[in-house]
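Throughout, numbering of the chain's residues begins at 1 and tracks the sequence.
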Amino acid sequence: MDWFVDNAGVLLNGVAMGLLLFMMAAGLTIIFGLLDVLNLAHGAFFLTGAYLGYRIAGEATATWGSFLLAVVAAVVLGAVMGVALMLMTAPLVARGHMDQALLTLGLALVISELLLLMFGKDDHSVAAPAGLAHSTSVLGNSYPVYRLALIVVGALIAAGVWYLLERTPAGAVVRATVADRQMVEAVGIDVRKVMVVTFAAATVLAVLGGVLAGPVKGATAGLGDEILLLALVVIVIGGLGSVLGTLLGALIIGLVQNVGVMLAPQLASFTMFAAMVLVLTFRPQGLIPSATAVSR
């Protein structure tokens, strides 16, 4: 028990990082695990959100108004980028994942280069909103208030995504579209609209995650690739197409990374891959794979 109290900050950092990864990986698993579209531009969308937070909220101080404006801008821009991604990948759905990977990888490179031209190669910090830019005591340890708020917001987003996909008619339509697109069309539902909304929502999660991660991770070239790699590991561990699996995988990776850095800094870069190997040894389809992913 003393160990948990002494390292409460490390464990909370792991949870905060895990929930950030969930926002990134949830969109990725929705597009890939449910709609069977491989999107390697998802990391670039996250990076776009981080730079958006830097540009609107600023580096030194951020008002609630400027930070909320960055959040709103992320939602709007994410929706636009999601619709554009759906239109670009639609002709390639029947051509396999390789063509999708090449297209979205090219898109990621274009977005990354545009961000470099606009913001340069320097690292930028992103200010937390006023009132959240200080620390408080947690079990006797000083801990940033913004990260506590991030844990709360991330948990609410995770619960909302799960409820929307698993407990609402809209979520049922998405799952039915994955299972039998022809049957959904036969009952009069416009599958194209379903896909447009799903792509938009998934991309909004990535861009919004970038904005919320700004005060923690900053905005820097290469952040998108780092987060994309982590998100891919998360959905492999959690199981394709599973929101609960993605959440569990994200929390595992967040905690493994932070605790690993504390316990064995020299091996920290290998810990998440060790966790992935361990999980896949006993659960090759991931911890909680969706029924659709299992049937493929």
Side-chain angles (χ1 to χ4, degrees), residues 1-29 42-43 46-47 49-50 53 123 125-126 128 132-159 205-206 208-220 222-238 244-280 286-288:
M1 183 61 69
D2 289 341
W3 185 89
F4 288 98
V5 172
D6 293 340
N7 296 284
V10 175
L11 297 175
L12 286 173
N13 281 340
V15 174
M17 183 61 187
L19 290 170
L20 278 176
L21 282 176
F22 171 80
M23 281 183 267
M24 173 68 177
L28 191 60
T29 200
H42 219 62
F46 184 94
L47 182 60
D123 295 346
S125 60
V126 180
L132 299 181
H134 60 280
S135 296
T136 189
S137 177
V138 177
L139 297 177
N141 300 284
S142 179
Y143 194 75
V145 173
Y146 179 80
R147 298 197 184 200
L148 291 175
L150 184 61
I151 290 172
V152 174
V153 172
L156 290 174
I157 290 175
L205 282 174
L208 179 60
V211 172
L212 296 178
V216 177
K217 303 289 289 184
T220 178
L223 176 62
D225 295 335
E226 173 192 340
I227 295 296
L228 177 62
L229 176 61
L230 292 173
L232 290 171
V233 172
V234 164
I235 63 174
V236 168
I237 289 177
L244 286 178
T246 300
L247 177 59
L248 182 57
L251 291 173
I252 288 173
I253 291 301
L255 288 168
V256 164
Q257 274 206 313
N258 282 272
V259 174
V261 167
M262 179 188 68
L263 296 178
Q266 67 277 14
L267 299 176
S269 59
F270 301 101
T271 54
M272 72 170 181
F273 296 108
M276 182 176 70
V277 170
L278 182 62
V279 170
L280 295 184
L287 294 172
I288 313 176

Name every donor-acceptor pair, under 3.5 Å, that has one atom in a side chain of residues 145-156 and the other anywhere in the protein, sequence neighbours excluded.
unit_1, atom_1, unit_2, atom_2, d
Tyr146, OH, Leu212, O, 2.6
Arg147, NH1, Asn13, OD1, 2.8

When the side chains of residues 17-28 are checked against the rest of the protein, which donor-acceptor pairs come out under 3.5 Å, sequence neighbours left out?
none

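Rounded to the nearest 0.5 Å, atoms CG (Leu255) and CG (Leu12) are 9.5 Å apart. Going from atom CD1 of Ile252 over to atom CE of Met276 covers 13.0 Å, rounded to the nearest 0.5 Å. One distance of note links CD1 of Ile288 with CG of Leu247; it measures 8.5 Å at 0.5 Å rounding. Note that CG of Asp225 and CG of Leu230 are 11.0 Å apart. Values are rounded to the nearest 0.5 Å. Summarising the geometry, atom CG belonging to Leu244 is positioned 11.5 Å from atom CG belonging to Leu287; distances are rounded to the nearest 0.5 Å. Leu47 contributes atom CG, which lies 12.0 Å from atom NZ of Lys217 (distance to the nearest 0.5 angstrom).
Nearest approach of Tyr143 to Gly9, heavy atoms of both residues: CE1-O, 3.4 Å. Nearest heavy-atom pair, Ala275 versus Ile237, reported as atom, atom and distance to 0.1 Å: C-CD1, 4.4 Å.
Considering only residues two or more places apart in sequence or on other chains, Leu278 meets the side-chain contact (heavy atoms from CB on, under 4.5 Å) condition with Phe282.
The side-chain heavy atoms of Asn258 and Leu11, taken from C-beta on, include no pair separated by under 4.5 Å.
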